[in-house]
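Structure first, then comments.
Indexing begins at 1, ligand by ligand and atom by atom, following the structure's order.
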Amino acid sequence: MAAQVYLDNAATTPLDPRVAEAMRPWLGETFGNASSLHAMGRQARQAVDESRRQVAALLNVDPGEIVFTASGTEADNLALVGTVQASPGRPCHVVTSQIEHPAVLETCRYLERHGTEVTYLPCGEDGIVSPLALRNAMRPVTRLVSIMAANNVTGVVQPIAELARIARENGALFHTDAVQAAGKLPFDLRAQPFDLLSISAHKLHGPQGVGALYVRSGLKLEPLVHGGGQEQGLRSATEFVAGLVGLGRAAEIAGSEMAAEAVHLVALRDRLIETIATHIPGAYLIGHRHRRLPGHLCLGFAGQEGEAIKLLWRSTSWVSPSRRAAHAARLTQASLLMSCSRWDSTR
Ligand code: PLP
């Protein structure tokens, strides 16, 4: 059978074997509850604490500012709903963009149904949300601005440092959904004016079903999940120790390999762009040429039927972009998303 070429890393990445190795003991012989006081519980607690340190190191924050969740989606929900519900009874306005992932967009629609006003900023032809548009949208009652760090469909990197500064100058909090960007772009949250940031393990070669929210020290959020008070009361539930160990190890690997990996991926990506531009008439790049994730491509094929391209995917051993990604990328008649990452089928 031909080797498989996987091009859907924006949807999920394969588990790094080093991450699987770190998780393995926690899926078998070592199974304590991190809240138990006996030796096995303490061992689990140490593993969770170590993972928190590893995630904090990736973002350059204090471990106490990391709240573990069950997904990037849950981290986004906690950021948005938790912020709005932390100050009940006050008029509330939230600014986001039209190009957010449904984890943010649908949460904003939920907030609208419960009395919050939401402004959805468009992006330009280059896929970028304009800082000027944000400045114009700010109001005295704007409590939160939520703009993603990099878009999952186009791969375009947003000017979040500038957007966050505008939010702060206007007295609002700033959240960024960094699910696609974390582990691929460097973050230094001690130097950047962000209040909340979401990540998801399975986008950086960690396990599915594990996420985290950075919550700037001192910020008050209303929890979504109530119970035993884990995660500083912000996310009750017995910790998924194996998953958190996986997230921590994935964050550690990403932190040490990201720079070299980016150089490698940008070279591959640019070669692919040039080859496609040379050999396929009518092919074009969607979104800004340079402000994009290292291993991410969003292409349009002028004059090509979407169905024909789907048939091509089926006839090869390439794993095509997910239907949702392809659907969301339908900025033109036929456009496709490709994302590459550090993976080959032999690992
Ligand atoms: N935000 C972005 C930008 C994403 O791409 C995704 C997943 O595709 C999510 C949020 C949701 O993350 P999760 O799959 O961990 O719920």
CZ (Arg271) with more than 12 external heavy atoms under 6.0 Å: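 12 or below, so no.
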Flag if over 12 foreign heavy atoms under 6.0 Å of CD, Glu125: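 No, the 6.0 Å shell around CD holds no more than 12 heavy atoms from other groups.
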Taking [atom] as the reference point, the nearest protein heavy atom with its distance:
atom	value
atom 15 (O) of ligand 1	Ser200 OG, 2.6 Å
atom 4 (C) of ligand 1	His101 CD2, 3.2 Å
atom 10 (C) of ligand 1	Asp177 OD2, 3.4 Å
atom 8 (O) of ligand 1	Lys203 NZ, 2.5 Å

Side chain, backbone, both or neither: the part of Asp76 lying under 4.0 Å from ligand 1 by heavy atom: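 The side chain, only.
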Within ligand 1, which atoms have a heavy atom of [X] less than 4.0 Å away?
X	answer
Asn152	3 (C), 5 (O)
Ser71	15 (O), 16 (O)
Thr73	11 (C), 12 (O), 13 (P), 16 (O)

His202 heavy atom under 4.0 Å from ligand 1: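 Yes, His202 has heavy atoms under 4.0 Å from ligand 1.
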Cationic tip of Arg216 above Phe174 ring, under 6.0 Å, 45° of axis: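 Geometry flag: not set, cation outside 6.0 Å or 45°.
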Linked, directly or transitively: Tyr214 and Leu221 (ILVMFWY side chains, under 4.5 Å):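 No, no single cluster joins them.
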Cluster link Val95 to Leu197, ILVMFWY, side chain under 4.5 Å: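 Hydrophobic grouping puts Val95 with Leu197.
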Side chains of Ile128 and His288 in contact at under 4.5 Å (non-hydrogen atoms):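 Yes; the side chains approach each other to less than 4.5 Å.
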Stepwise salt bridge (charged side-chain N to carboxylate O under 4.0 Å, His left out) check, Arg165 with Glu162: CA-CA 5 Å; Arg165 249 191 320 275; Glu162 198 179 343; 5.4 Å; no
Test: Glu50 and Arg53 ion pair at under 4.0 Å: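 Looking at Arg53 together with Glu50, the answer is yes, because their closest N to O distance falls below 4.0 Å.
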Heteroatom proximity flag, Ala11 to ligand 1, N/O under 3.5 Å: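 No - when backbone and side-chain N and O of Ala11 are compared with those of ligand 1, no distance drops under 3.5 Å.
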Options Glu100, Gln180, Met148, ranked by nearest heavy atom to atom 5 (O) of ligand 1, top entry: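 Nearest option to atom 5 (O) of ligand 1, by heavy atoms: Gln180.
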